[in-house]
Protein chains: 2
Amino acid sequence: MIKALIIDDHPLFAEGMKSMFKTEDGIEVVAIIQNGHLAPKILEEQIIDVILLDIDMPIIDGIATMELLFSKDCQVPILMLTMHQSMKYIKEALKKGAQGYILKDASKKELVEAVTQTAQRKNYFHPKISEKVFDYFRGKKTTKPEGQNLSEREVEIISCLSNGMNSKAISEELFISEHTVRTHRKNIMHKLRVKTSAELVRLAFERNIIGV
Amino acid sequence: MIKALIIDDHPLFAEGMKSMFKTEDGIEVVAIIQNGHLAPKILEEQIIDVILLDIDMPIIDGIATMELLFSKDCQVPILMLTMHQSMKYIKEALKKGAQGYILKDASKKELVEAVTQTAQRKNYFHPKISEKVFDYFRGKKTTKPEGQNLSEREVEIISCLSNGMNSKAISEELFISEHTVRTHRKNIMHKLRVKTSAELVRLAFERNIIGV
DNA sequence: TTATAAATACCCCAAATGCGGTATCCAAAA
DNA sequence: TTTTGGATACCGCATTTGGGGTATTTATAA
């Protein structure tokens, strides 16, 4: 029986997965945690064969959780779970050493397959993912319109803007030149293709870049 | 036993929920479909006590699915499922006649409660949602606390601003002088005590002035 | 009837923005 | 090693904004 640990900030999702794995699948979810920080403790306490790790989490995200685990010499294979097929995350996860990668909109069959493979330290990539990775290594930049790849600094700037700061105030807040703030603002507005700061804030809200 | 139909484009999520509901919960998921278009057929074939409807779907979204169902005289109570607590969707769903509203990051207990209540045609709103709705109706119907009683015109202006229009564009959109738009903007910003349009949009979002 | 609020329109002016650039440093990736 | 991306900084310039006003019309409430 494969013993799995789920790290996901959506209890419903995690619980759903837990009750989905039946005995006949040979998979048992022995622990569910909402936060990567709690992982090392669990791994000390019990034997875990595979970690199902959600990549989009608020406090400490999937990538950071992996770093934390590896820094503690964790040897347990990791299957990344994600809603989005963002190449950015795929690259990060692979680089960090994820054993598998699957989308949350996969079927139950695919998921069981993924967990089983990963637990045996074989690589598993969801067809949609491997297709993307394949395209990527082919040199196709078709996976480019990622759109929402704002840097941390840029998000910080947007947040300040939404709080009523102008470029000068932001520059003082972040201890950088006002010129730099203006450059950031220009870059952001180009990336998100908006014409005004007001629209920028709306978009940021709608895409949960800020506010949530 | 409550017979539920799940409409969700994430099979994993739907399957997870299905296997989560145990006999002792009194809920049985009798069908799962990925697409609202398939709903009428299911409803003809079997008795359904409650529909769990994901609001964020690609082909035909939750709101559109509700419209489709009601256009076919569907009497089955609907529990909306969503990842985000966007007032935009909440308003839409309530207006269309959803019986309940729950977030996907709810606990299993909350979900069972929600499904049970909804199936009995009682309203169910996740605490986070009811709080938001309460705030919304308070901000709209109770006597105004001095601050945010904006006129319809003013709301219209804010909406335009959040869509990236400048004063000139708004004046053309609303067939009024640019001077008038500027006067409105000044009045709005005084009323809401904000310093920039970006902050204005943030506040408008937070107070659910816009978001439709 | 008389306030009051909303929508309309206009003035001035300093400050900020948006848009076009260029350029350096540095770390990470190829 | 070279390239790339992010963060930093600067210049110029036309347009827009925000803040300070005033004022008329109209509809509604006191």
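Computed over heavy atoms, backbone and side chain alike; hydrogens, waters and symmetry mates excluded. Chain identifiers are assigned alphabetically (A, B, ...) following the order of the sequence lines, protein sequences preceding nucleic acid strands; residue numbering begins at 1 within each chain.
- Checked against salt bridge (charged side-chain N to carboxylate O under 4.0 Å, His left out), A:K3 has the following partners two or more places apart in sequence or in another chain: A:E28.
- For B:K186, the side chain to side chain contact (heavy atoms under 4.5 Å, CB included) test picks out no residue, with sequence neighbours left out.
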Restricting to nitrogen or oxygen on both sides, can you table the protein-nucleotides 4-7 of chain C pairs closer than 3.5 Å?
{"from": "C:dA7", "atom 1": "OP1", "to": "B:S151", "atom 2": "OG", "distance (Å)": "3.3"}
{"from": "C:dA7", "atom 1": "OP1", "to": "B:R153", "atom 2": "N", "distance (Å)": "3.4"}
{"from": "C:dA7", "atom 1": "OP2", "to": "B:S151", "atom 2": "OG", "distance (Å)": "2.2"}

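- Judged as a side chain to side chain contact (heavy atoms under 4.5 Å, CB included), and not counting sequence neighbours, the contacts of A:T116 are A:I2, A:I27, A:V112, A:Q120.
- For A:E156, the side chain to side chain contact (heavy atoms under 4.5 Å, CB included) test picks out A:R153, A:L174, with sequence neighbours left out.
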Reading 5' to 3' through nucleotides 17-30 of chain D, protein heavy-atom contacts under 4.0 Å coded B for base, S for sugar-phosphate only, - for none
BBBBB---------

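- Among residues two or more places apart in sequence or in another chain, the side chain to side chain contact (heavy atoms under 4.5 Å, CB included) test is passed with B:K109 by B:S107.
- Minimum interatomic distance between B:Q99 and B:R121 (heavy atoms only, all atoms of both residues): NE2-O, 2.9 Å.
- Taking five base pairs at each end of the helix from C:dA3-D:dT28 to C:dA30-D:dT1 and finding the rotation axis that steps the C1' atoms of four pairs onto the next four gives two axes whose angle is 60°, to the nearest 10°.
- The nearest whole Å value for the distance from the NE2 atom in B:H179 to the P atom in D:dT16 is 13 Å.
- Looking at residues two or more places apart in sequence or on another chain, you find no salt bridge (charged side-chain N to carboxylate O under 4.0 Å, His left out) involving B:E113.
- Applying the side chain to side chain donor-acceptor pair (under 3.5 Å) test to every pair with at least one member in residues 160-172 of chain B, sequence neighbours left out, gives these pairs: A:R202-B:N163, B:S167-B:R185, B:K168-B:E172.
- Scanning for salt bridge (charged side-chain N to carboxylate O under 4.0 Å, His left out) contacts around A:E110 gives an empty result, with sequence neighbours left out.
- With sequence neighbours left out, A:E44 forms a salt bridge (charged side-chain N to carboxylate O under 4.0 Å, His left out) with no residue at all.
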